[in-house]
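Below is one structure, written out as structure tokens; the observations come after it.
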Amino acid sequence: MVMVLRLIDPARADFGQQLAQKVSQAPDFYRDAPVILDLETLARWPAPPNVDFAALGAAIASAGLICVGVQNGTPHLTQAARRAGLAAFPSARPAGRANAAREPDPEPAAAPPPPRAAAPPPPPRGRCPRPRTAPVVQRVVKGKTRVVSEPVRSGQQIYARDGDLIVLGTVNAGGEVLADGNVHVYGALRGKAIAGASGDREARLFCQRFDPELVSIAGLFRIADQIETDLIGQRVGIRIADDALVFDRLS
Amino acid sequence: MAKVIVMTSGKGGVGKTTSTAAIGTGLAMRGEKTVVVDFDVGLRNLDLIMGCERRVVYDFVNVVNGEAKLGQALIRDKRFENLYVLAASQTRDKDALTKEGVVGVIEMLRDQFDYIICDSPAGIEKGAQLAMYCADEAIIVTNPEVSSVRDSDRILGLLGSKTLRAEKDMEPVKQHLLLTRYDVGRVARGEMLKVEDILEILSIPLLGIIPENEAVLRASNTGNPVILDKESAAGKAYADAVSRLLGEQLEHRFPAEPRPRGFFARLFGGAA
């Protein structure tokens, strides 16, 4: 798993502090996570600034993350990063970049925009109705799919970190299934199911017999009482469209 | 090879102790050397249901603590010479048992018996977890109502993680469902869950269906396991369950219903 941290202003003194605060929201999630610095914004400055990558790397390390390299920099910036011992990654263009590109170019002479170290919402808590901010740190690498062949029983929690989760049997009331990717339940879903647990709004949820306690994708959730009763017992797929959960009956 | 079977449910009052006594006695009647062990330290009842409460000198906790030898604590049943009871302590609590102590006693029992039936306390805490820890098989005692079914589901999850077999990555604990206090009339009226619904939720094989039966209370009060009441519906149902536990294939017998109907109609169409 590699997260991308987009650097907007290297000169901000509170960079380390802001990053540490983000990390503290989900310490387990971020612990020793490798990070790639995205320099695209800096590269679009009229005169790309000099960046002290060694100091930046140390600030990231003190927040508990590991800076492994840079991407999307100018040759000059990339060279400086290399000298600081960082790898230069070919430009990856994760989904959601389209939005970022539309942002106005920062005026370096005027007040610089605050550094953006926004993170995906911390691992799922049904209480959080919306993702906090548009995730700028994104998961680029997808993990393996996890397949569970036993019924998921009351009190059990199964989390497929970074990947999809496939449950061949039922998820009983009081059981919880979570995945950073999609969740498929081939039996009845009577417990809680959470897809896109770390903020992936493209994640989906599918089940053969729909009777959940709660369903959630990327922080948007619906409890049993808020689910239309004519969906109960049906084959249902759930996705996000226009910032809301959409329930599709599968034929 | 000795088999350790835990009788467990999560929920209290569903019939674990009654079923332990009945099935333990049933196994002994079939010639298996059997011991029933009461894990409900502090709330011991199994000795009462087995009718040996006046002969308890040393108990399970004494053996665990090395205060008595196993042979001194085992109480031989007066009806069957191959049936023994290991009573719980009434004056201690569940903290008196340790995992190492329990494993040690169960290992000793394995050398002497064919079947070791562990009567679990209610709940999912230490006492219940110790009762299931050494189990090879588990009989999940469930009443046809939602809270009991959910608690059974929880216990099934623990069996998959909190047992010696789970810890050592051995073949998982073999699970059996024993439905107790099954009232055909109330199921038909929709007041109780149907067998098929319970099986669908718990998805484990059915060992038997014990009807709600006045013979059970009578048996408990007189200290005679209900399986000895061979004319009673509950006694017959327990005898069938014992046969299935021993590997026999038997159709599930159902408590009498007003209209004569086919077996499957009765089994799966009760509330129609």
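The sequence lines fix the lettering, A, B, ..., with proteins before strands; numbering per chain opens at 1.
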Any side-chain heavy atom of B:I201 within less than 4.5 Å of one from A:N172? yes
Heavy-atom count around B:E171 CD within 6.0 Å, excluding the residue itself: above 12? no
Taking atom CD of A:Q17 as the centre, does the number of heavy atoms from other residues, nucleotides or ligands within less than 6.0 Å exceed 12? no
Take a 6.0 Å sphere around CD of A:Q226 and say whether it holds more than 12 heavy atoms from other residues, nucleotides or ligands. yes
Pair up each side-chain donor or acceptor in residues 182-189 of chain A with any protein partner under 3.5 Å, not counting sequence neighbours, and list the distances.
{"unit_1": "A:N182", "atom_1": "OD1", "unit_2": "A:R204", "atom_2": "N", "d": "2.8"}
{"unit_1": "A:N182", "atom_1": "ND2", "unit_2": "A:D164", "atom_2": "OD2", "d": "3.3"}

Between atom CZ of B:R150 and atom CZ of A:R190, what is the distance when rounded to the nearest 0.5 Å? 11.0 Å
Residue by residue, which of residues 151-166 of chain B have a heavy atom closer than 4.5 Å to a heavy atom belonging to chain A? B:D153, B:R154, B:L156, B:G157
Once rounded to the nearest 0.5 Å, what's the spacing between atom CZ of A:R153 and atom OG of B:S203? 5.0 Å
